[in-house]
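A short worksheet on the structure shown next.
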Amino acid sequence: MTYPRVRKAVFPVAGLGTRFLPATKAMAKEMLTVLDRPLIQHAVDEAARAGIEQFIFVNGRGKHAIDDHFDLAFELDRTLELRGKTVELGRSRDMVPAPGNVISVRQQQPLGLGHAVWCARRAVGGEPFAVFLPDDLVLGDDPCIGQLIRLHERTGGNVVAVQDVPREHAGRYGVIDAGEDDGRAVEVRGLVEKPEPAVSPSTLAIIGRYVLLPEIFERLEERRPTAAGEIQLTDAMARMIDHAPFHGLRFTGTRFDCGTKLGFLQANLAYGLRDPDVGADLAVFAGNELRDRD
Ligand code: UTP
């Protein structure tokens with residue numbers, strides 16, 4: 001079967017963000033900022049750089065700030081205009097996608113990542129699409145999702161981003177059972193969610209970038225909740241393996257797990273050190289802090 005090119009991306013942002021409480025009590029985790037923009041904007045920027053045209057947010061309760069962030073802010077923009085603050089005006093306005101290109105879908109209950117993706121089925125329709133978990137921030141010149149899309153265009157199948165992790169961490173991720181491996185693309189023979197590290201089929205962990213065929217929605221429709229009542233994306237993806245080619249891609253770029261405090265701080269440091277305005281001063285500060293600690 002031939003599919004149209006990947007034009008749509010789904011951003012599941014309806015999770016509770018419990019690991020970041022109290023910061024996430026009244027504010028979505030995806031609005032936490034790395035350097036000068038929220039995590040969700042880093043993800044949307046990556047998608048746009050890879051040619052994605054439509055951005056589908058799967059929102060939960062209290063996530064209005066995400067929709068507002070990608071809307072025009074008339075009063076703010078008008079004030080900036082009147083004050084002649086053109087650079088700031090550009091920063092506020094230029095990141096807003098074209099009218100009609102942002103779609104918001106509600107996940108009424110946080111029933112898991114698989115359920116969140118399923119909630120986007122009508123907005124996606126019958127075409128392959130990208131999924132972004134905005135917690136995972138990937139720093140690099142070649143957008144991670146663009147690398148996955150290129151592999152999908154070659155194979156016609158599903159592609160997930162994978163990363164080698166220490167075996168003792170395998171239990172934190174979905175892990176692939178690896179088949180043929182050319183050093184970058186790895187055939188996926190099976191998928192296991194959060195395996196016991198000792199019996200994990202590999203140490204190749206799935207991180208938050210996917211290109212999926214629309215048939216995933218039928219697998220999600222079958223609804224096989226876990227003991228905790230969640231519908232897993234990994235489980236539905238595992239049932240796609242016999243249907244179409246399925247690969248993991250060792251992408252180029254540095255991934256930060258911004259769903260954890262350490263990963264979030266590392267991301268801020270890495271982005272800060274590369275920033276032309278603050279990088280040099282931040283490096284001196286960080287160096288002094290390290291010296292004072294010793
Ligand atoms: P996480 O496992 O990181 O969960 O979800 P979380 O609720 O966001 O954060 P913690 O673990 O409580 O700190 C992975 C991704 O799936 C989305 C989240 O928003 C996040 O982007 N998600 C998860 C949903 O959209 N709906 C769900 O029901 C669960």
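Counting convention: from 1, in listed order, for ligands and their atoms alike.
Hydrophobic clustering (side-chain heavy atoms under 4.5 Å, transitive across Ile, Leu, Val, Met, Phe, Trp, Tyr) keeps V58 apart from L16.
Ring geometry for F11 against F132 counts as parallel: the plane angle stays under 30°, on a 0 to 90° scale with 60° as the upper cut.
Taking the charged nitrogens against the carboxylate oxygens, R239 and E222 do have a contact shorter than 4.0 Å, which makes a salt bridge.
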Expected rows: ligand 1 N/O, protein N/O, dist below 3.5 Å:
residue	atom	partner	partner atom	Å
ligand 1	3 (O)	R19	NH2	3.1
ligand 1	3 (O)	K29	NZ	3.2
ligand 1	3 (O)	D135	OD2	3.4
ligand 1	7 (O)	L16	N	2.7
ligand 1	7 (O)	G17	N	3.0
ligand 1	8 (O)	K29	NZ	2.7
ligand 1	9 (O)	G17	N	3.4
ligand 1	9 (O)	K29	NZ	3.0
ligand 1	11 (O)	R19	NE	3.0
ligand 1	11 (O)	R19	NH2	3.3
ligand 1	12 (O)	T18	N	2.7
ligand 1	12 (O)	T18	OG1	2.5
ligand 1	13 (O)	T18	N	3.1
ligand 1	13 (O)	R19	N	2.7
ligand 1	13 (O)	R19	NE	3.0
ligand 1	19 (O)	P12	O	3.3
ligand 1	19 (O)	A14	N	3.4
ligand 1	19 (O)	G15	N	2.9
ligand 1	19 (O)	E30	OE2	3.3
ligand 1	21 (O)	P12	O	2.8
ligand 1	25 (O)	A14	N	2.9
ligand 1	26 (N)	Q107	OE1	2.7
ligand 1	28 (O)	Q107	OE1	3.3
ligand 1	28 (O)	Q107	NE2	3.3
ligand 1	28 (O)	L111	N	3.3
ligand 1	28 (O)	G112	N	2.8
ligand 1	28 (O)	G112	O	3.4

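Two residues are said to be in side-chain contact when any heavy atoms from C-beta on lie closer than 4.5 Å; D142 and Q147 meet this criterion. Within the 4.5 Å cutoff, side-chain heavy atoms of L233 are placed close to those of Y210.
When every heavy atom of I103 is checked against every heavy atom of Q54, the shortest pair comes out as CD1-OE1, 4.0 Å.
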